[in-house]
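This is a predicted model, so every value here is computed, not measured.
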Amino acid sequence: MTEQLDDNYWMQQALILAKEAEVAGEVPVGAVLVRDNQLIASGRNQPIGSHDPCGHAEILCLRQAGQILQNYRLLNTTLYVTLEPCAMCAGAMVHSRVGRLVYGAADPKTGAAGSVLDLLQQPLFNHQVLVTGGVLATECGELLSSFFRRRRQEKKLLKSGNYDDAD
């Protein structure tokens with residue numbers, strides 16, 4: 001199996017987690033951490049339900065991996081995430097020494113893997129993360145777009161007081 005096919009497979013696994021996050025009322029983002037083509041850990045967005053501003057899919061995945069591997073250094077791993085990471089998550093990847101990031105949809109508002117900032121390739125840091133963006137970008141982006149479109153419609157209905165249209 002080629003690396004590209006592996007990337008598609010693992011991004012599909014992250015998409016499953018993103019859909020689980022959406023069902024739970026969270027922004028649909030999922031992440032999986034892989035080493036030697038083996039799943040190490042996974043996470044899905046949970047900041048709303050857990051009342052945790054750090055409850056991003058990437059952070060939860062990295063925390064779980066550290067516990068499983070009994071090491072805060074996650075050397076020779078690849079993190080697959082459906083949305084380009086924010087600065088907090090990118091910083092965690094640098095600190096944990098993730099080797100490679102593969103993301104789906106770019107985030108033009110808060111993306112820290114090249115869209116707004118590029119923290120993962122910052123030459124002043126003591127570790128750089130290789131980045132591959134755009135894997136299954138259409139699927140990842142559409143999941144996010146439909147989630148936010150539905151959210152805007154729900155807000156509009158609540159403001160109008162016309163709840164019968166919500167069904």
Measure the shortest side-chain to side-chain distance between [X] and [Y] over non-hydrogen atoms and say whether it is less than 4.5 angstrom.
| X | Y | result |
| --- | --- | --- |
| Val23 | Glu20 | no |
| Leu39 | Gln13 | no |
| Ser146 | Arg149 | yes |
| Phe125 | Leu120 | no |
| Cys140 | Leu83 | no |
| Gln12 | Leu136 | yes |
| Arg97 | Asn126 | yes |
| Leu62 | Met93 | yes |

Taking the side chain from [X] and the backbone from [Y], do they hold a donor-acceptor pair closer than 3.5 Å?
| X | Y | answer |
| --- | --- | --- |
| Gln128 | Gln122 | yes |
| Glu22 | Val27 | no |
| Arg35 | Leu75 | yes |
| Gln46 | Gly55 | no |

*Within a radius of less than 6.0 Å around NE2 of His95, do more than 12 heavy atoms belonging to other residues, nucleotides or ligands occur?*
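At most 12 heavy atoms, drawn from other residues, nucleotides or ligands, come within 6.0 Å of this atom.
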
Review point. Should the heavy atoms of other residues, nucleotides or ligands under 6.0 Å from CD of Glu142 be counted, would the total exceed 12?
Key: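 Above 12, so yes.
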
Drop me the distance from [X]'s [atom1] to [Y]'s [atom2], to the nearest 0.5 angstrom.
| X | Y | atom1 | atom2 | answer |
| --- | --- | --- | --- | --- |
| Tyr80 | Asp6 | OH | CG | 6.0 Å |
| Ile40 | Leu69 | CD1 | CG | 5.0 Å |
| Leu33 | Ser96 | CG | OG | 8.0 Å |
| Asp7 | Tyr103 | CG | OH | 13.0 Å |
| Leu130 | Leu101 | CG | CG | 9.5 Å |
| Thr78 | Arg100 | OG1 | CZ | 5.0 Å |

Check [X] against [Y] and note the closest heavy-atom contact, atom names and distance.
| X | Y | answer |
| --- | --- | --- |
| Gly30 | Ala18 | N-CB, 3.6 Å |
| Pro28 | Thr82 | O-OG1, 3.9 Å |
| Arg44 | Leu17 | CB-O, 3.5 Å |
| Pro108 | Ser115 | CA-CB, 4.3 Å |
| Val98 | Thr77 | CA-OG1, 3.7 Å |
| Ala31 | Cys61 | O-SG, 4.0 Å |

Should [X] and [Y] be counted in the same cluster of Ile, Leu, Val, Met, Phe, Trp and Tyr side chains packed under 4.5 Å apart?
| X | Y | result |
| --- | --- | --- |
| Leu79 | Val102 | no |
| Ile16 | Val32 | no |
| Met88 | Leu119 | no |
| Trp10 | Val81 | no |
| Phe148 | Val116 | yes |

Would Lys109 and Glu84 pass as an ion pair if we require N to O under 4.0 Å?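 Salt bridge flag = no for Glu84 with Lys109.
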
Problem - Qualifying salt bridge (Lys or Arg N to Asp or Glu O under 4.0 Å) pairs with a residue from residues 60-82, counting only residues at least two apart or across chains - result: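 Every pair satisfying salt bridge (Lys or Arg N to Asp or Glu O under 4.0 Å) with a residue in residues 60-82: Asp52-Arg63.
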
